[in-house]
Amino acid sequence: MACLWEPAENIKMGNSLQAAGPSSPKLPAWLPVAARLVLAIVFIYASIDKIRHPAAFAQALYNYRILPGASINLVALTLPWLELLTGILLAAGIWMPGAVMLSTGLLVVFMAAMGLSIARGLNVACGCFSTNGSESLTFWTILRDAAFLVPALYLFRATFFKDTHTAFLR
Amino acid sequence: MSVNAFRNWKRCLWQVPAVLVLAMGLGWITNTIRSDAIPLVADWSPEARLVGPGGRNLAISLNEAQKGFRKKALVFIDARPAEEYASGHIRGAISLPWDDVDARFMKATAKLSLNAPIVTYCDGESCSLSKDLALFLIQSGFTHVRVLLNGWSRWKKHGLPVGTGGEHKNG
């Protein structure tokens, strides 16, 4: 089977080159890079306040009433770094399969948690980008998360199912 | 599935745990060296979090509340809205709805001395009215205020004496 890599120069030259695959749409070559960077910025930015205020973030996690009490602080300490690392990996294009799986997985889990909170009628702060309780959790917050899922799912598909854009795969 | 995609599934199988471990390590290390560290495992139970301004825990157990009730040694204050109070409350309890506390506070507590042994309660595990009322009473100068968590449900469940309708005259 022919190597499915395309040299970087070819990608820079313009429209994406099609790997051996049926009916791949002609999408611009900068799309995967844009998706990576958008997600990277979101994740890195989201992690900063949580790293700086672990106690407040733990309180925000508690308010969702989902995690068992004993696990709350451990998650409060780990999750922000998970977001930061995922964002860095996405930006650098390193460990892409892992980064893509993590970013997609995290977004799905967040959306589920937020959906559950709203369904239960809890009036909680989102805790998504700030820990000071100013960010309410509303239907629009979930919609915003769904918007982030678009580049994530695009990368997910390209990484784990198709090879239309191989420039960012290692 | 193409070769590349399959290889990526395999790769993410070790990369995800690796990033997870790295994140846990970084979280733990930074926690040990920072000044505002949090305990790795904290007690998030409702009772443990019921702390008053002096750092004292405000929770009272159902057992103790029951004993105090029988000895008539406690003053129960219902923090729920008036309609809920009317449809059922701890017998002899005073109604002081948190949502109307400013208007009703003076009248409701007129006959209480500042060191009266007070127990506030509301209904449900996540109901915070009782705690809010307790903190308010403490700030207003009452020295012996405590909270019966999930008071109304537990009181009913144990078949303890209840009352209905308007306020009882509480000596």
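In this text the structure is predicted, and so the values were computed from the model without any measurement. Below, read A as the first sequence line, B as the second, and so on, with proteins coming before strands; counting in each chain starts at 1.
To the nearest 0.5 Å, atom CG of residue B:L40 and atom CG of residue A:N73 are 7.5 Å apart. With rounding to the nearest 0.5 angstrom, the CG atom of B:L26 is 8.5 Å from the CG atom of A:L84. Rounding to the nearest 0.5 Å gives a distance of 15.0 Å between CH2 of A:W81 and CG of B:L20. With values rounded to the nearest 0.5 angstrom, B:L22 atom CG is found 5.0 Å from A:L85 atom CG. To the nearest 0.5 Å, the span separating CZ on A:R52 from CZ on B:R34 amounts to 10.0 Å. Of the inter-residue distances, the one linking B:N4 atom CG with A:F161 atom CZ reads 14.0 Å to the nearest 0.5 angstrom.
Heavy atoms from other residues, nucleotides or ligands lying under 6.0 Å from CZ of A:R65 number more than 12.
In this structure, B:W14 has its ring center closer than 6.0 angstrom to the ring center of A:W95.
Contact annotation: the side chain of A:L89 approaches that of B:V19 to within less than 4.5 Å [non-hydrogen atoms, C-beta and beyond]. Using a 4.5 Å cut-off on side-chain heavy atoms (C-beta onward), B:R7 and A:P97 make no contact.
Criterion: ILVMFWY side-chain heavy atoms under 4.5 Å apart, direct or through other members. Under it, A:L106 and A:I94 are part of a common hydrophobic cluster. Under a hydrophobic clustering in which Ile, Leu, Val, Met, Phe, Trp and Tyr are joined whenever their side-chain heavy atoms come within less than 4.5 Å, directly or via other members, A:I41 and A:I44 fall into different clusters. Note: the hydrophobic cluster containing B:V147 also contains B:V101 (ILVMFWY, side chain heavy atoms under 4.5 Å, direct or indirect links). Note on A:L116: it clusters hydrophobically with A:L61, by side-chain heavy-atom contacts below 4.5 Å among ILVMFWY residues. A continuous path of hydrophobic side-chain contacts links A:V100 to A:L149 [ILVMFWY only; heavy atoms under 4.5 Å].
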Might you work through the side-chain contact (heavy atoms from CB on, under 4.5 Å) test for A:L77 and B:I38, ending with a clear yes or no?
-> CA-CA 9 Å; A:L77 289 174; B:I38 59 176; 3.9 Å; yes
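Between the side chain of B:N8 and the backbone N or O of A:F160, no donor-acceptor pair lies under 3.5 Å.
For A:G98 against B:Q15, the heavy-atom pair with the smallest separation is N-OE1, 2.7 Å.
Using a 4.5 Å cut-off between heavy atoms, B:P39 touches chain A through backbone and side chain atoms alike.
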